[in-house]
Amino acid sequence: MAGENNHIVAEVAARILADLADPHTINRAKDERWKETLWHALDEAGLPLAWVPEELNGSDATLADGFAILGVAGRFALAVPLAETMIAGWLLTRAGLLAPTGPMTAAPVRPHDRIEVHQDGTLSGSAFAVPFARSSRHIVVLAEDSNGAVIALVETRSCQLSEGQNLAGDPTNVVTFQRVKPLRSGPAPAGFDRSSLMLMGSTIRSVQTAGALEAMLSLSVAYANERVAFERPIAKFQAVQQNLARLAGEVAAALAAAGSAADTIAQAGLFDDAVVLEAASAKIRTAEAATEGSSIAHQVFGAIGFTKEHALHRFTLRALSWRDEFGNESYWAAELGKQIARRGADEFWPLVASR
Amino acid sequence: MTTNLYFEPIRLPAECEALRAEVRAFLAQEIAAGTFDPHRPGHGDSHNQAFSRRVGAKGWIGMNWPRKYGGHERSFLERYVVTEEFRVANAPVRLHFVADRQSGPILLKYAPEHVKMDILPRICRGELCFVIGMSEPGSGSDLFAAKARATKADGGWRINGSKIWTSNAHIADYMLGLFRTSAPTKENRRHGLTQFLVDMKTPGITVNPIIQMTGQHDFNEVVFEDAFVPDDYVMGEIDGAWKQATSELAYERSGPERFLETFYVLLELIRALGPEPDVRSAEGLGRLVAQLHTLRRMSVSVAGMLQAGREPLVEGSIVKDLGTIWEQKLPHRVRELTAFLAPDITNRTSLEEQLAFATTVAPKLTIQGGTTEILRGIIARGLGLR
């Protein structure tokens, strides 16, 4: 992330990840024990509950600090639920609920999934493709009752979970709630709804995707300079240079869009039209960049990048999976298009120029 | 060489928003007075002496130049606001725009004091039009193959040869041109070119019009036959123009004019779709909006870096690469998205006229001011690939 040097917590995150989650090292790991060591270190540093204030059991980092941590996590294609625990903690805090320890995730992540609160306070409904649900001790649910949105903390073991993985092999599960009794719950603040959660989640995924794209670019450039074909490094071929320049363009667009959306959410009090423009644009543009960028990176690497043994897939497949969480680019494009159409042509440029 | 791209989320400061309101009021007044029609594409490409003088009187030319040369010592971000508002309104800025964007800054850097005092205040008043003389019939993107020659004479230089694709040459007062003063060396093929300021009224200069495929007259061929240029019109180091060329590129390439040139068709699309578009149209519109917003945020970020005194050559080239491809594809996307609209939409004629214009203009957008291929070469160099 741009300007990350100002964020000491992001430097802490980068040091921990370089030591314990180097993508090339863990890609060769025989089992998943590294995840436990890593989570312990992240937890010690207070990163998973970065967005929770001290009085609610967190480490009280700013939103901007948190986004900087997530940019670093993206650059490492992190495969533990740090981002998920962060958004879950952020969601709990909206309702002033105390955060538990251990990994968490948030639900729903698909815009049309609805979870209902019964009069007795129990929850019913299902949430599709919830990331890391199976690795989480708790799930923070944004549910709805007749008065509006309710934020509830539930134990994962009180829900039904499907088997399932995303493209990169990280757990992604359908979570079904059948009269699940929350540990605690409270009303969401006025104006906060599912769309607010989707906008926040989209911005988080955008920031991670931009980070993963940065890593794809530096890996691809390094490889193009090393790999010799036709008696010279492939970096010397114009066709390869043009491809890498296009990849740099996609990385740049992703960084700018995600950075701008993160900055907007860090400054904004509420989720208004400007936040929709920023966060939806970031999700759309970073998803497009993930599609385009990952195919260019794979093209540069050729067959070796298509192997399990090579770490490239850790970045490309996560970036491709993240497109689908908290509203994919088609969903947000339709939402944004509807908003712009409703405002009308004369109000369009003033909105763009106000950012 | 680095793969670390940097796009800080710069926001325009409060003084920019006050200025924006002032610019919009001025443009509304000009439109009301009939100076130009914001719905007529191509107007942004036209020149209007009286309009440029009124813009100068507002203090919106040479905005960030020193006061002693007629400038206004405002920030690069304030200039950004003026540029984007004028572009979106399709205002006729062609007369002063090149001088404001790139010729003035070169004079500021390399011209002798008395030349600066003579010319820069006139640019700021909107009185002068500049033309860039780089391409030749035998050299375009390959700038350093230029052959038009300047030979030393008593008190100055004699120029012979020709420049081509020179926008504005038929109305320009001055050219900033690149001319060969020595042969290239074995070690450095870029050696031997010098930048000159040329008064277009000089005897020995002929301007031949070249009509573009849009029907517009913008390009020209400029032929030099023993045209005399005095010594004090040499800009910078003799034979060393190549050292001077690159630092200005980020200014030239990252501005809002690099993605807003066909913006009017997006407005027509929004008008045509109405307040409740179907999901296909809404999705198509939303993507275009997201892409435009992202380009603008990138461009503003580069403007912020320039304001901070950095030289974001790679980032600036990326903005032009992505921006020009986007504005080139825009009319084609709009055409697809309006394909199923009811025949009775209110802005049908205007939509079709503007689409036709944008479609014919589109091919030049990725050629002018540095082709896509050249830009990607610069980006590749920045990445450490060459």
Side-chain angles (χ1 to χ4, degrees), chain A residues 2-3 214 217-218 220-222 224-225 233 235-236 238 240-242 244-246 248-257 259-264 267 277-278 280-285 288 329-346 348-349 352-355, chain B residues 3-9 11-12 17 20 81 84-85 88 263 266-271 273-277 279-298 300-301 314-315 317-319 321-322 372-373 375-386:
Chain A
E214 281 186 285
L217 177 64
S218 62
S220 301
V221 165
N225 277 321
K236 298 299 165 201
Q238 283 205 352
V240 176
Q241 290 175 4
Q242 292 266 323
L244 286 168
R246 278 176 50 223
E250 294 303 305
V251 174
L255 279 172
S260 185
D263 173 67
T264 300
Q267 313 290 337
L277 172 67
E278 291 268 5
S281 293
K283 191 65 165 37
I284 296 164
R285 195 61 190 84
E288 289 177 346
E329 65 272 34
S330 294
Y331 168 81
W332 280 118
E335 289 298 302
L336 183 57
K338 279 188 252 174
Q339 180 195 293
I340 297 297
R342 206 162 44 233
R343 294 172 60 100
D346 294 339
F348 174 55
W349 174 251
V352 173
S354 73
R355 302 311 305 154
Chain B
T3 55
N4 285 331
L5 299 165
Y6 194 73
F7 286 92
E8 213 180 325
R11 304 285 167 193
L12 297 172
E17 295 318 313
R20 189 188 301 282
V81 166
E84 69 177 355
E85 290 295 327
V88 162
F263 176 78
L266 185 54
L267 288 182
E268 289 296 330
L269 172 68
I270 298 171
R271 284 192 193 100
L273 294 181
E276 288 177 348
V279 70
R280 169 184 180 266
S281 308
E283 201 252 353
L285 172 61
R287 282 194 191 245
L288 292 171
V289 171
Q291 291 156 354
L292 171 66
H293 165 75
T294 301
L295 285 166
R296 183 174 174 279
R297 298 295 300 133
M298 297 172 82
V300 170
S301 182
V314 172
E315 286 86 349
S317 301
I318 286 174
V319 171
D321 181 15
L322 293 181
T372 304
E373 291 82 350
L375 294 171
R376 290 184 182 168
I378 293 169
I379 297 164
R381 193 182 304 281
L383 293 174
L385 297 166
R386 51 194 292 178

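Proteins come first, then strands; the chains are lettered A, B, ... in the order of their sequence lines, and each starts at number 1. Below, all heavy atoms of this structure are taken into account, side chains as well, without hydrogens, waters or symmetry copies.
- When heavy atoms are compared at a cutoff of 4.5 Å, A/Ala248 approaches chain B by way of both its backbone and its side chain.
- Of the two parts of A/Ala353, the backbone and the side chain both hold a non-hydrogen atom closer than 4.5 Å to a non-hydrogen atom of chain B.
- The parts of B/Leu267 that come within reach of chain A are both its backbone and its side chain, each placing non-hydrogen atoms under 4.5 angstrom from that chain.
- Using a 4.5 Å cut-off on side-chain heavy atoms (C-beta onward), A/Val251 and B/Ile318 make no contact.
- Heavy-atom distances place both the backbone and the side chain of B/Arg271 under 4.5 Å from chain A.
- In this pair, B/Phe263 and A/Phe348 present their aromatic rings parallel. The plane angle is below 30°, not in the 30 to 60° band.
- Interface remark: B/Leu288 contributes no atoms to any contact with chain A (heavy atom separation under 4.5 Å).
- Ranked by non-hydrogen atom pairs under 4.5 Å with chain A, the options B/His293, B/Met298, B/Arg20 are led by B/His293.
- Applying the salt bridge (charged side-chain N to carboxylate O under 4.0 Å, His left out) test to B/Arg287 and every residue at least two apart in sequence or in another chain returns A/Glu288, B/Glu283.
- Contact count against chain B (heavy-atom pairs under 4.5 Å) is highest for A/Ala253 among A/Ala257, A/Ala253, A/Ser354.
- Heavy atoms closer than 4.5 Å to chain B are found in the side chain of A/Ile284, but not in its backbone.
- With a 4.5 Å cut-off on non-hydrogen atoms, B/Arg280 does not touch chain A at all.
- Closest heavy-atom contact between B/Gly286 and A/Leu336: O-CD2, 3.6 Å.
- Under the salt bridge (charged side-chain N to carboxylate O under 4.0 Å, His left out) criterion, A/Lys236 pairs with no residue, sequence neighbours left out.
- Contact check on A/Lys338 versus B/Glu276 returns no salt bridge, with no Lys/Arg side-chain nitrogen under 4.0 Å from an Asp/Glu carboxylate oxygen.
- Using a 4.5 Å cut-off between heavy atoms, A/Thr264 touches chain B through backbone and side chain atoms alike.
- When each of A/Ala235, A/Ser281, A/Ala224, A/Ala245 is checked for heavy-atom pairs under 4.5 Å with chain B, A/Ser281 comes out on top.
- Heavy-atom distances place the side chain of B/Leu266, and not its backbone, under 4.5 Å from chain A.
- Contact of B/Glu268 with chain A is not made at all, since no heavy-atom distance falls under 4.5 Å.
- Classification of A/Glu278 and A/Arg355 as a salt-bridged pair holds, one side-chain N sitting under 4.0 Å from a carboxylate O.
- Across all their heavy atoms, B/Ile378 and B/Ser317 have their closest contact at CG2-OG, 3.6 Å.
- The heavy-atom pair separating B/Gly377 from B/Arg386 by the smallest distance is CA-NH1, 3.3 Å.
- Heavy-atom pairs under 4.5 Å with chain A were tallied for B/Asp321, B/Thr372, B/Thr294, B/Val314; the largest tally goes to B/Thr294.
- The 12-atom threshold is exceeded at CD of B/Glu17, counting heavy atoms of other residues, nucleotides or ligands nearer than 6.0 Å.
- The greatest number of non-hydrogen atom pairs below 4.5 Å with chain B, out of A/Arg343, A/Arg285, A/Arg342, is found for A/Arg285.
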